[in-house]
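Below is one structure, written out as structure tokens, with a few remarks after it.
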Amino acid sequence: MRQLTPRETVRELDRYIIGQEEAKRLVAIALRNRYRRSQVEESLREEIFPKNILMIGPTGVGKTEIARRLAKLVNAPFVKVEATKFTEVGYVGRDVESIIRDLTENAVRMVKQEHEDRVRARAEVLAEDRLLTLLASPPVQKASNPIDILLRGRQKEPDQSEQEREQISLRRKDLMEQLRQGQLEERELDIEVEDSVPQLEVGGASINIGDMMGGMMPRKTKLRRVKVKEARRILIEEEAQRLVDMDAIREEAVRRCEQDGIVFIDEIDKIAGRSTQSAGPDVSREGVQRDILPIVEGSVVNTKHGAVRTDFMLFIAAGAFHVARVSDLIPELQGRFPVQVNLKSLTKEDFVSILSQPDNALTLQYSALLAADNVRLTFEDEALEEIAQAALNLNEAGENIGARRLHAVFEELLEDISFHAGGEDMPQVDLTITAQYVREHVKAAQQVDLHKYIL
């Protein structure tokens, strides 16, 4: 992919995230510095480390979305973790090294998909040939007892005559024509597929028993009766996996993890121990911080795909810091996040922009959902103002959850419409959401007369 300049990165982030200009600029610069580092001579390149970022702000203002969209822009391995899910070494729970293992798994999945996309055309040809063989072959008669199976195995297949081979060839041509015209999609056939290997849950993570045994356990298969359209998908996946080189995929995935990986650690303020206390759960919180420290500083983590260095990964931490302060983090961890940015709480104007400007605006999402039931939904500008005000009122009256409050308002607003829409005989309906409709259906948007409370 072409390396984006910081201005281009911010422009792309603006398509999905409203406001928070300072945070966007900082992550854009951090992203560009990766490219700049790759252009430096190798002797100096090893001395240049990424400047990790600490985002400070209330929930729902865009911290997670900025990191997620950033990873998508550059097609980089990305993992989001909650700091509260990890425990100090020696306690039952997930250890911090599982962050890097999860990141490596994501990278392997990403690179494998890219390699399979490259060989997909060839895999489709091979899968079609196998599918034709299955369709043209006579059904296998199931043996009634083990003796029949043994006798069948000893029987020699009869030689096919030239006439029989010609008939099979003609049958394959007819089947190919029908298959490509989509006439056989609902036909059922038996296909042999690999049986799933049992998974073992250890410390909150799933471990493949076959991997634990080093591949010594034979692969089990089973017969599935599926339709042709499902069989085609299964066969394409099998052929694509045969065509790709898993060793090359692992090497590329590890390299991407080390050079391009992005780790987002959310709720880091929840493991910040208060300086006034020295006992209780805060000791464990400080232990988690000390376990995170070597990962952020740079270390080697062993994964099933190989050893992974964390020196040049970009770590982005985030937290509301309502109760704890940044200074409550251990000094060593504070020093590993030199770039700190405060994100602002969202205003009514921000809510209106979120509803109308992004490419994934809620108004577009709900309009697309209801269009499936022949309901054409439109929103007046005044209605968006009322929705924004209702979300702001709810945030002020209760917990401030930022833009996530808009989802609750929309569910309340469109409950009647969503319930009555649907049905095969449903005609096309055009509905316009007005400010009056919002006030009637959303309690938080209803104006309260305060004069009766004044003495």
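Note: hydrogens, waters and symmetry copies are ignored here, and every other heavy atom, side chains too, is used.
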- Would Arg232 and Glu124 pass as an ion pair if we require N to O under 4.0 Å? no

- Item | Heavy-atom check, side chain of Ile417 versus side chain of Ile433, under 4.5 Å | yes

- Task: May I ask you to check whether over 12 heavy atoms, not counting those of Glu399, lie within 6.0 Å of atom CD?
- Result: no

- Task: For the pair Glu258 and Arg255, find out whether any cationic side-chain nitrogen is under 4.0 Å from an anionic carboxylate oxygen.
- Result: no

- Just by distance, with hydrogens left out, do Ser98 and Asp95 show a side-chain donor and acceptor under 3.5 Å apart? no

- Message: Is any side-chain heavy atom of Tyr437 closer than 4.5 Å to one of Leu431?
- Response: no

- Query: Which heavy-atom pair separates Gln289 from Leu329 by the least distance, and what is that distance?
  - Reply: OE1-CA, 3.4 Å

- For residues Ile295 and Glu97, determine if any side-chain heavy atom of one lies less than 4.5 Å from a side-chain heavy atom of the other. yes

- Item | Within-4.5 Å side-chain heavy-atom neighbours: Asp260 and Val74 | no

- Message: My understanding is that only residues two or more places apart in sequence, or in another chain, count here; which of them pass side chain to side chain donor-acceptor pair (under 3.5 Å) with Glu238?
- Response: Arg130

- Please examine the side chains of Val341 and Leu343, heavy atoms only from C-beta on, and report whether any two atoms are closer than 4.5 Å. yes

- Task: Would you check, one step at a time, whether the test salt bridge (Lys or Arg N to Asp or Glu O under 4.0 Å) holds for Glu332 with Arg336?
- Result: CA-CA 7 Å; Glu332 298 88 344; Arg336 297 309 301 172; over 6 Å; no

- Is a salt bridge present between Arg256 and Glu252, judged by a nitrogen-to-oxygen distance below 4.0 Å? yes

- Task: Heavy atoms only: give me the nearest Val254-Ala307 pair and the separation to one decimal.
- Result: CG1-O, 3.7 Å

- Should Glu128 and Arg180 count as an ion pair when the cut-off is N to O under 4.0 Å? yes

- Message: Could you check whether Gln39 and Arg36, counting side-chain N and O atoms only, form a donor-acceptor pair closer than 3.5 Å?
- Response: no

- So, are Glu412 and Lys443 salt-bridged, with charged N and O less than 4.0 Å apart? no

- Smallest separation among heavy atoms of Ile18 and Ser353, with atom names: CG2-CB, 3.8 Å

- Nearest atoms (heavy-atom pairs only) where Lys51 meets Val339: CB-CG2, 3.9 Å

- Inspect the contact between Arg250 and Asp247 and indicate whether a charged nitrogen and a carboxylate oxygen are less than 4.0 angstrom apart. yes

- Return yes if some donor-acceptor pair links the side-chain N/O of Lys348 with the main-chain N/O of Ala391 below 3.5 Å, else return no. no

- Task: Could you tell me whether the side chain of Val301 reaches within less than 4.5 Å of the side chain of Thr104, counting heavy atoms only?
- Result: no

- Query: For Arg7, does the CZ atom sit with more than 12 other heavy atoms under 6.0 Å from it, leaving out its own atoms?
  - Reply: no

- Query: Under a 4.5 Å cut-off applied to non-hydrogen side-chain atoms, are Glu105 and His305 in contact?
  - Reply: yes

- Task: Quick one: which residue pairs count as a ring pair (Phe, Tyr, Trp, His ring centres under 6.0 Å) with a foot in residues 345-386, not counting sequence neighbours?
- Result: Tyr366-Phe410, Phe379-Phe410

- Provide the closest heavy-atom pair for Ala123 versus Ile236 in the form atom of the first, atom of the second, distance. CB-O, 3.9 Å

- Message: So Thr310 and Val263, do their side chains get closer than 4.5 Å, heavy atoms only?
- Response: no

- Query: For Asn395 and Ile401, what are the C-alpha separation, side-chain angles and deciding distance, and is it a side chain to side chain contact (heavy atoms under 4.5 Å, CB included)?
  - Reply: CA-CA 6 Å; Asn395 279 340; Ile401 60 174; 3.7 Å; yes

- Does Arg37 count as lying over the ring of Phe312, i.e. NZ or CZ under 6.0 Å from the six-ring centre, within 45 degrees of the axis? yes

- Lys63 and Asp266 ion-paired at < 4.0 Å: no

- Message: Could you check whether Glu116 pairs with Arg120 (Lys NZ or Arg NE/NH1/NH2 to Asp/Glu carboxylate O, under 4.0 Å)?
- Response: no

- Output yes when Arg15 and Glu12 qualify as a salt bridge under the 4.0 Å nitrogen-oxygen rule, no when they do not. yes

